[in-house]
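What follows is a set of notes on a single structure, which appears directly below.
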Amino acid sequence: MDCVYSYSKISLPQFRQFSKFSSFNLQSSTLFKSKQNKNPLTLMVSCRNNNRVFNGLTAPLVPTTETGRLLSVFMQNDKPLFNGFVEKELERLNYMKNDALLRSVFSLGTDEAVLHRRISEMIKLECRNAVEDIIYMLIVNKFSQTGVHMVPKLSNCMCNGRLEIFPRRDWELESIHSVEVLEMVKEIGWEDMNKSNVKDSWGLTQVQKDQIRHVYGASIFYGYFFKSTSLRYHLEQSFDKTYSDLSFPRSWLLKQKGVPLSDTGSTSVGPVSLSEGKKYDNFRSYVTNLDNEIMIMYSKPKFKEAKSLIEKHCSALFGNESNEEVSTSFASLKRFVLEAVAFGSFLWDAEDHVRKLYQLEEF
């Protein structure tokens with residue numbers, strides 16, 4: 001990942017759609033307020049050797065467990081072993097956690113009860129950290145397969161208060177989405193994704209780190225949401241074509257593909273006719289007709305490990321200097337959003353893969 005810095009003018013983006021996403025705490029207002037430079041200059045600085053990486057990877061979050069470090073090595077040097085190691089390690093961790101829990105339960109009422117309880121808590125924490133590293137490395141591997149380096153720590157891409165991300169790899173990040181999802185992704189975080197004016201795209205504006213962090217974090221949830229809802233949409237559409245005259249409990253319909261139901265797992269929304277999907281012309285109309293409760297349910301990770309990982313990743317990427325103001329361009333702000341949406345989509349995939357072999361902690 002090269003970090004390059006440039007200087008000029010740009011108009012900052014707005015969120016114009018989906019103000020119903022209350023769980024994101026997003027409003028239909030300008031997310032970035034620009035301080036335009038009336039006399040822009042052009043300044044290009046290359047910082048190609050400053051990226052803090054682990055074993056050649058530019059991801060900002062460094063694995064903290066032996067499991068994560070081994071996966072980073074396999075991913076770079078022996079990819080055929082990567083998936084096999086993930087599966088075996090998840091099975092091992094799940095066994096470790098359950099075995100410690102059973103020992104703690106069986107020791108109740110004995111002199112060793114306190115000891116086994118503490119051992120169980122320690123092993124549970126150890127397993128959770130290892131699983132979070134596994135989920136993160138699955139996400140990093142997805143980026144690698146796409147041909148995209150993740151943005152490294154921002155502190156390593158700053159030069160005199162200026163920040164740019166290059167190469168952007170926008171096309172590669174866009175290619176992971178279906179056409180219908182990409183149309184909606186294009187509306188996140190900027191007014192016009194198709195700016196053709198190079199000066200506008202690479203012009204400079206002043207933005208606080210916490211503003212970029214806010215948009216990045218919200219975009220992760222957007223990516224997660226789009227992954228969940230697009231799966232649900234196509235599932236209902238496929239059933240509609242095959243069994244248009246039948247009616248199934250909604251819980252059964254969605255559970256077939258691992259789509260979340262509700263916090264209680266109940267069928268409170270009642271049966272749903274599979275021909276119901278006919279009233280939606282496309283994915284956009286399907287999403288905009290979802291009620292607030294379902295939107296919130298589909299926008300949140302289902303397990304604590306995933307939520308913790310989002311927080312750790314954002315903290316590693318942006319650091320603690322939230323009030324610091326940086327100079328950056330529209331093109332780089334767009335790059336941040338595209339990466340975050342991809343991160344959310346990959347997180348859904350990783351979470352779904354891990355839960356089949358390891359019992360994650362539900363909220």
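Heads up: numbering here begins at 1 and tracks the sequence.
- Contact of the F85 side chain with the T67 side chain is registered, since non-hydrogen atoms from C-beta on lie closer than 4.5 Å.
- Ring planes of Y136 and F343: tilted class, angle from 30 to 60°.
- Relative orientation of the F143 and F346 rings is perpendicular, given thresholds of 30° and 60° on the angle between their planes.
- Here E121 does not pair with R118 in a salt bridge; the nearest charged N to carboxylate O distance is not below 4.0 Å.
- Aromatic ring pairs are classed by plane angle as parallel below 30°, tilted from 30° to 60° and perpendicular above 60°; the pair F283 and Y286 is parallel.
- Using a cutoff of 4.0 Å between basic side-chain nitrogens and carboxylate oxygens, E351 and R355 are not scored as salt-bridged.
- Salt-bridge annotation for R284 and E180: absent, with no side-chain N of the basic residue lying under 4.0 Å from a carboxylate O of the acidic one.
- Between K186 and E183, no side-chain nitrogen of the basic residue sits less than 4.0 Å from a carboxylate oxygen of the acidic one, so the salt-bridge criterion is not met.
- For the residue pair Q206 and S327, a side-chain donor N or O sits within less than 3.5 Å of a side-chain acceptor on the partner.
- Using a 4.0 Å cut-off between a side-chain N of Lys or Arg and a carboxylate O of Asp or Glu, R92 and E89 qualify as a salt bridge.
- In summary, the side chains of Y216 and E339 do present a donor paired with an acceptor at a separation below 3.5 Å, with no hydrogens or angles considered.
- Inspection of the Y224 and K302 side chains reveals an N or O donor paired with an N or O acceptor under 3.5 Å.
- When all heavy atoms are compared, the tightest approach of R117 to S104 is CA-OG, 3.6 Å.
- No donor-acceptor contact under 3.5 angstrom links the side chains of K97 and S120, judged on distance only.
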